[in-house]
Structures are given as structure tokens and as C-alpha cells.
Student: 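Got a structure here, written out as C-alpha cells. Questions coming.
Computed from a prediction, not measured in an experiment: that's the story for all the values here. The chain is numbered in sequence order, starting from 1.
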Amino acid sequence: MVAEAALRDCCGSHRWARRVAAHRPYPTLESLLAAADEAAYDLTSGDLAEALAMETTTALPDRGNLAAHTALRAAHAAYEAKFGHSFVIDLSAVGPGEALDLTLAMLRERLAHDEDEESVATAEQLRRICRARLIQLALGPPRDPRTAPPRAAGSPDRAGSLTPGPPRGTEPTARRYDGRGRWTVPGRA
């Protein structure tokens, strides 16, 4: 399924991608993100390991001195040796000038964690990374408003579909997310 493959680019867990894809289309970006968060919170340790196996070390801008980059490589190696997977950190809200320092500081802090503490921290960082990737997938790459054609009305808020417009054979209905992974339609069981 095309949607599942696109979602697997956001999070490497098959279970997460199937669960998020199963409830498409989402009426808003916020509802897509809520469903993705819920699916992420329900990842088992096996699902988390599967997702982490698809992750690579975060590429950082080539800023800073050689000593900082050498320390970063050494910390990454120590982290991978201790925990058995790549170090993941969400840097979506951090400027390029701060990324190297924050990554090094977080690596040092998280190297002091035990397995359980680090599992929780890793799952939270992976959830944040998935959210940022979903937003980029849903809204598309950044656009230059001076040269790009205008978007269709309402399209920036429509998420969860890789094709424009509603799915074939569907009419708009009043739906509500019940918070347990299901969409409900008033009047239907």
C-alpha cells in the first residue's frame, strides 16, 4: 500500500504505519498527529526496535570545530555500543547553530541512563521525529509563495492522503475520533 510505505518513511515500524494508515483519511492535520501519537505510545519494545533499525545517525551541519565533531563521533559510538541502536534526537525546533551543542549534551546525558530510562527517552524522541516527518509529508516541502501556484482551499489542513480530494465513493460525514484509535460516525454502531 502506497500510504503505508510513505508512513514507514516517517516511522520504521510496520505496526505503527498500518495503524495510522487504517484510519485514513484524517479530517485535519491535528487528527493525523493525534492518531500518530497514540500509535507511537502503543509501540512494543519489538516495534520500537524495528523503527530504530530504520533510523540513522542524525546528520548535523558542518559547523563547529574538529574537536567537537570528534567528541560527537566518540559519543555516538559509545551510545550505540551501550544501547545497540542509533542515537535519535528531534532537532526540528533547533537552529543549525545549536544542533551540534544540543546533540552532544543530550548524548552525554542519555549515556548516563539505564536501559529502561533510555527506552522511554528514545521512544519520546522517535515520536517527536515522526510528528515532524508527518507534518512535512502532509504539507509537502516548503513552498516559495512568489513562484508556486496557490493551493486548493483547505488543502494545508487536509492530511493522511497521498492523493488530492476525498477518497472515491465517500461523502463527507460528521466523524469524531474516540481517543481509542477509532473514528466514529454519529448514528452508526
Side-chain angles (χ1 to χ4, degrees), residues 1-60 72 75-76 79-80 82-96 98-142 156-162 176-183:
M1 176 194 273
V2 176
E4 246 181 73
L7 288 167
R8 289 246 357 226
D9 287 341
C10 297
C11 178
S13 165
H14 280 88
R15 182 171 177 249
W16 180 90
R18 277 193 305 272
R19 188 163 170 197
V20 174
H23 298 288
R24 291 179 317 122
Y26 293 93
T28 64
L29 178 59
E30 290 76 24
S31 62
L32 170 63
L33 295 175
D37 283 347
E38 185 173 325
Y41 290 133
D42 291 340
L43 290 178
T44 65
S45 58
D47 297 328
L48 186 58
E50 178 186 28
L52 288 170
M54 302 296 289
E55 295 294 323
T56 58
T57 301
T58 305
L60 296 173
L72 184 64
H76 271 288
Y79 181 91
E80 289 179 16
K82 181 174 181 177
F83 296 111
H85 58 79
S86 294
F87 175 76
V88 292
I89 183 171
D90 175 31
L91 297 172
S92 61
V94 177
E98 304 167 41
L100 181 63
D101 292 335
L102 179 65
T103 302
L104 195 51
M106 291 302 295
L107 263 164
R108 288 179 178 148
E109 177 184 318
R110 288 171 56 187
L111 273 167
H113 288 174
D114 63 23
E115 288 282 335
D116 292 335
E117 288 175 315
E118 185 53 27
S119 179
V120 170
T122 298
E124 176 60 18
Q125 290 298 315
L126 186 63
R127 183 190 66 79
R128 291 178 184 182
I129 291 167
C130 292
R131 282 180 67 91
R133 290 174 181 164
L134 270 175
I135 291 168
Q136 186 174 3
L137 178 66
L139 300 180
D157 200 27
R158 186 175 182 281
S161 178
L162 300 178
R176 190 176 70 229
Y177 188 68
D178 71 359
R180 292 178 290 174
R182 295 184 307 250
W183 285 97

Student: Roughly how far, to the nearest 0.5 Å, is the CD atom of Glu98 from the CG atom of Asp101?
Tutor: 8.5 Å
Student: Could you measure the distance from the CG atom of Leu107 to the CG atom of Leu72? Nearest 0.5 Å is fine.
Tutor: 6.0 Å
Student: Which heavy atom of Leu126 sits nearest a heavy atom of Ala51, and at what distance?
Tutor: CD2-CB, 3.6 Å
Student: For Arg127 versus Ala40, what's the shortest heavy-atom pair and its separation?
Tutor: CG-CB, 3.7 Å
Student: Considering residues at least two apart in sequence or located in another chain, which fulfil the salt bridge (charged side-chain N to carboxylate O under 4.0 Å, His left out) criterion with Arg18?
Tutor: none
Student: Do Val88 and Ile129 come within less than 4.5 Å of each other through their side chains, counting heavy atoms only?
Tutor: yes
Student: Which atom names give the shortest non-hydrogen contact between Asp114 and Phe83, and what distance separates them?
Tutor: O-CE2, 4.0 Å
Student: Identify, with sequence neighbours excluded, every residue that meets salt bridge (charged side-chain N to carboxylate O under 4.0 Å, His left out) alongside Asp47.
Tutor: Arg15
Student: Which pair of non-hydrogen atoms, one from Leu137 and one from Cys10, has the smallest distance, and what is that distance?
Tutor: CD2-SG, 4.0 Å
Student: Looking only at heavy atoms, which two atoms of Arg133 and Asp9 are closest? And how far apart?
Tutor: CD-O, 3.7 Å
Student: Any side-chain to backbone donor/acceptor pair from Gln125 onto Asp90? Under 3.5 Å, distance only.
Tutor: yes
Student: Kindly write out the residues that satisfy ring pair (Phe, Tyr, Trp, His ring centres under 6.0 Å) with His85, not counting sequence neighbours, or none if the list is empty.
Tutor: Tyr79
Student: Please tell me if the side chains of Arg128 and Glu124 come closer than 4.5 Å, counting only heavy atoms from C-beta onward.
Tutor: yes
Student: How far does OG1 of Thr103 sit from CZ of Arg108, to the nearest 0.5 angstrom?
Tutor: 11.5 Å
Student: Indicate yes or no for a side-chain donor-acceptor contact from Glu50 to the backbone of His14 under 3.5 Å, with no hydrogens or angles considered.
Tutor: yes
Student: Whether the side chain of Tyr26 engages the backbone of Val20 through a donor-acceptor N/O pair (distance < 3.5 Å, no angle test) should be reported.
Tutor: yes
Student: Are any of the side-chain heavy atoms of Met106 and Phe87 separated by less than 4.5 Å?
Tutor: yes
Student: I need the minimum non-hydrogen distance between Ala21 and Glu4, along with the two atoms involved.
Tutor: CB-CG, 4.0 Å
Student: Do Leu134 and Leu29 come within less than 4.5 Å of each other through their side chains, counting heavy atoms only?
Tutor: no
Student: List for me each residue that meets side-chain contact (heavy atoms from CB on, under 4.5 Å) alongside Ala121, sequence neighbours excluded, and say none if there are none.
Tutor: Arg110, His113, Glu118
Student: So, using salt bridge (charged side-chain N to carboxylate O under 4.0 Å, His left out) as the criterion, who are the partners of Arg8 when residues are at least two apart?
Tutor: none
Student: Using the test salt bridge (charged side-chain N to carboxylate O under 4.0 Å, His left out), find all partners of Asp42 that sit at least two apart in sequence or belong to another chain.
Tutor: Arg19
